[in-house]
Amino acid sequence: MNNTYHIGNFIIPTSSISGIISGINALLFIFLVFIDYKKGLIISSILLLLSFFNLVFGIVKSQSLSSLPGFITNIVSFVTIFTIHFFYKRISISNLTDYVTGYGNRRSYVQDIENNLFSRKSFTIACIEVEEFKHINDIYGIKSGDYLLKKIAERISSILEKNDKIYRITGSTFIIFFAPGHSPEERLKTIIKSETIIIPSETNSTKTDNTCHVTLRAGIVYSNPPYNSNITPTSILNQAETALFATRKNTENKICIYNETMQNDEIKQREAEYLIKEALDKNYFYQVYQPQYTTSEKKLRGFETLIRCAMPDGSIISPGFLIPAAEKSNLIISIDDYVLRKAMTEFKPMLEKTNEKLMLSINVSAKNISSADFANRILKMIEEIKFPPENLELEITEYSFAESVKLTIENINQLRSFGIEIALDDFGTGYTSIKQMMTLPINLLKIDKCLIDDVEENQSIRDIVDSIIYMGHVMNCEVICEGVEKENQLNFLKEHKCDFIQGFIWGKPISLNEVEQLISK
């Protein structure tokens with residue numbers, strides 16, 4: 001039997017040819033497993049088994065061990081591809097698993113949702129958030145936070161059925177994938193409630209067992225065929241987060257189902273945020289000034305600064321569209337700082353043109369006045385601009401005290417110590433109690449327009465306005481009423497000793513040039 005091949009002057013044994021082929025196959029199989037550890041293993045295993053049986057058949061038929069090197073190469077290849085397969089499998093599982101809870105992570109969520117979208121299967125997604133989790137982390141430490149997340153994950157997993165899955169997306173946000181079946185809402189209700197969890201001493205910085213009250217909230221999205229290319233795992237997650245955001249505004253309802261109205265609100269919010277950023281960057285914002293007068297003799301007290309936005313095409317964007325959107329994000333702080341700096345810079349030359357003490361009144365958001373560094377930022381700004389603090393009045397709302405009463409009052413007291421005056425704006429529309437109002441460190445009480453609108457026809461409103469004016473004076477505050485447009489309203493306020501008025505009856509918002517003309521009269 002010829003066990004050699006002749007290539008020119010070279011004589012090559014058949015066993016060597018077999019070994020070379022087996023070696024090339026081995027490299028090919030390893031390459032396949034590297035490309036796809038699942039499919040590569042299946043294909044390589046089938047081909048290796050065929051090669052293995054072929055070699056065994058050759059050895060039996062030839063009664064020779066000339067194919068033994070190829071046989072051994074196949075065995076080594078088989079062990080190698082299985083080793084590579086298990087190595088990549090472990091890496092894949094690790095990449096798809098949240099290291100804290102042991103459940104799926106965001107990558108796993110995307111992968112599973114893509115598979116369901118591709119197969120056109122119906123499913124439901126619930127986005128679950130742990131309320132005030134950051135404070136728990138800050139107080140007790142990260143180890144305690146991780147312990148809490150594990151307990152919450154166990155609590156969530158208790159309502160899962162056979163084909164449901166749980167993922168931790170980020171921080172304290174979980175996603176539940178509900179396969180078609182029983183109503184997920186009913187199951188969610190069993191876990192969306194306040195629960196007490198004991199944090200053991202070995203996991204927290206206090207070295208003692210601590211009791212922690214945990215409440216969950218959830219946003220739900222129902223996903224049903226037909227699908228389109230715009231539906232992705234990310235878009236579904238965004239919808240669930242939008243529904244979740246709606247629960248934050250409703251303290252009673254901890255579960256909210258997504259609908260298109262929410263999406264429209266979200267689109268409007270993002271559009272407004274984009275316009276605000278562009279307006280701040282390209283200086284589209286400008287200011288107008290509405291005069292304020294003494295009620296008794298129509299003497300100019302000062303001006304309230306009102307923000308406006310003009311686009312390059314000449315269109316005016318309503319503050320009613322931009323400001324509420326800004327208040328939902330930190331952009332309101334950027335707007336506040338912009339208005340404060342620009343108004344003081346513009347108005348300072350006006351003060352130098354008159355011997356009268358004119359007040360510049362500027363609105364400040366609740367989020368800003370309750371921030372830790374607010375007073376220092378204002379004082380630094382005043383120093384840079386060289387604006388006289390006794391001519392500056394900051395208007396805050398009752399809601400400022402809902403953010404942080406302690407910080408707000410600390411900031412107000414610090415500002416007042418430098419001569420800056422504080423006005424409580426929109427009084428009568430919030431929830432400040434009489435007891436709380438009596439202790440607020442303010443100079444001016446501002447009556448909201450909504451009250452003065454009905455003062456002519458409604459006796460109850462007249463009594464309320466009269467009471468507010470009286471309370472303001474008891475608090476050693478002056479009182480101003482905004483939105484005064486009619487002679488009868490003005491006469492009522494004069495009769496009831498309201499100190500100042502602001503409104504169209506004596507002055508609409510005007511430009512800076514018109515301010516200069518008014519001061520010069």
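Everything numeric here is computed off the predicted structure, so don't read it as measured data.
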Are side-chain heavy atoms of [X] and [Y] found at a separation under 4.5 Å?
X	Y	answer
Met344	Leu392	yes
Ile176	Pro184	no
Val479	Tyr470	no
Ser157	Tyr103	yes
Ile412	Leu415	no
Arg377	Asn368	yes
Leu275	Met311	yes
Asn105	Tyr167	no

Working to the nearest 0.5 angstrom, can you tell me the gap between [X] [atom1] and [Y] [atom2]?
X	Y	atom1	atom2	result
Leu493	Ile501	CG	CD1	7.0 Å
Leu340	Leu394	CG	CG	6.5 Å
Leu445	Cys481	CG	SG	10.5 Å
Leu148	Lys143	CG	NZ	14.5 Å
Gln292	Leu360	CD	CG	9.5 Å
Asn330	Ile335	CG	CD1	11.5 Å

Exercise. Is it true that Glu384 and Arg341 make a salt bridge, defined as a side-chain N closer than 4.0 Å to a carboxylate O?
Worked result: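 Looking at Arg341 together with Glu384, the answer is yes, because their closest N to O distance falls below 4.0 Å.
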Is atom [atom1] of [X] surrounded by more than 12 heavy atoms (other residues, nucleotides or ligands) closer than 6.0 Å?
X	atom1	result
Lys298	NZ	yes
Arg106	CZ	no
Lys486	NZ	no
Glu383	CD	no
Tyr286	OH	yes

For this session: Begin with the C-alpha distance, continue with both residues' side-chain angles, and end with the deciding distance and a verdict on side chain to side chain contact (heavy atoms under 4.5 Å, CB included) for Ile220 and Ile125.
Result: CA-CA 6 Å; Ile220 301 175; Ile125 290 295; over 6 Å; no
Go through the side-chain N and O atoms of [X] and [Y] and say whether any donor and acceptor fall under 3.5 Å apart.
X	Y	answer
Ser511	Glu514	yes
Asn259	Tyr222	no
Tyr258	Thr242	no
Gln489	Asp453	no
Gln290	Gln502	yes
Gln459	Asp463	yes
Ser365	Asp336	yes
Asp313	Ser315	yes

Has the side chain of [X] got a donor or acceptor atom that lies under 3.5 Å from a matching backbone atom of [Y]?
X	Y	result
Thr295	Phe500	yes
Thr294	Ser296	no
Thr397	Asp425	no
Thr354	Leu351	no
Asp98	Gly104	no
Arg416	Gly419	no
Asn491	Glu487	yes
Arg155	Ile191	yes
Lys342	Phe285	yes
Arg462	Glu456	yes

Grab the two heavy atoms, one from [X] and one from [Y], that are nearest each other, plus how far apart they are.
X	Y	answer
Ala218	Leu188	CB-CD1, 4.5 Å
Leu216	Ile192	O-CG2, 3.1 Å
Leu407	Ser370	CD1-O, 3.3 Å
Leu280	Ser334	CD1-CB, 3.8 Å
Leu322	Ala272	CD2-O, 4.0 Å
Ile452	Gly483	CG2-O, 3.7 Å

For this session: Please step through side chain to side chain contact (heavy atoms under 4.5 Å, CB included) for the pair Ile469 and Asp499, ending with a clear verdict.
Result: CA-CA 9 Å; Ile469 295 171; Asp499 301 289; 5.9 Å; no
Exercise. What's the verdict on salt bridge (Lys or Arg N to Asp or Glu O under 4.0 Å) for Glu327 and Lys367, showing C-alpha distance, side-chain angles and the deciding distance?
Worked result: CA-CA 8 Å; Glu327 288 176 340; Lys367 187 174 288 188; over 6 Å; no
Exercise. Side chain to side chain contact (heavy atoms under 4.5 Å, CB included) between Gln414 and Leu379: does it pass, once the steps are laid out?
Worked result: CA-CA 9 Å; Gln414 187 177 350; Leu379 295 173; 3.7 Å; yes
Exercise. Do Lys508 and Phe504 meet the cation-pi criteria used here (NZ or CZ under 6.0 Å from the six-membered ring centre, within 45° of the axis)?
Worked result: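 Here Lys508 passes the 6.0 Å and 45° test against Phe504.
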For this session: Go through the steps for Lys449 and Val484 under the test side chain to side chain contact (heavy atoms under 4.5 Å, CB included), then give the verdict.
Result: CA-CA 7 Å; Lys449 181 182 184 298; Val484 182; over 6 Å; no
Problem set entry | side chain to side chain donor-acceptor pair (under 3.5 Å), paired with Ser361, selected from Glu421, Glu304, Arg301, Glu393 |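 Single pass found, and it is Glu393.
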For this session: Begin from the C-alpha positions of Lys446 and Glu482 and carry the test salt bridge (Lys or Arg N to Asp or Glu O under 4.0 Å) through to its verdict.
Result: CA-CA 7 Å; Lys446 196 166 188 180; Glu482 63 180 351; 3.7 Å; yes
Exercise. What orientation do Phe387 and Phe347 show, parallel under 30°, tilted 30 to 60°, or perpendicular over 60°?
Worked result: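 The rings of Phe387 and Phe347 sit tilted, inter-plane angle from 30° to 60°.
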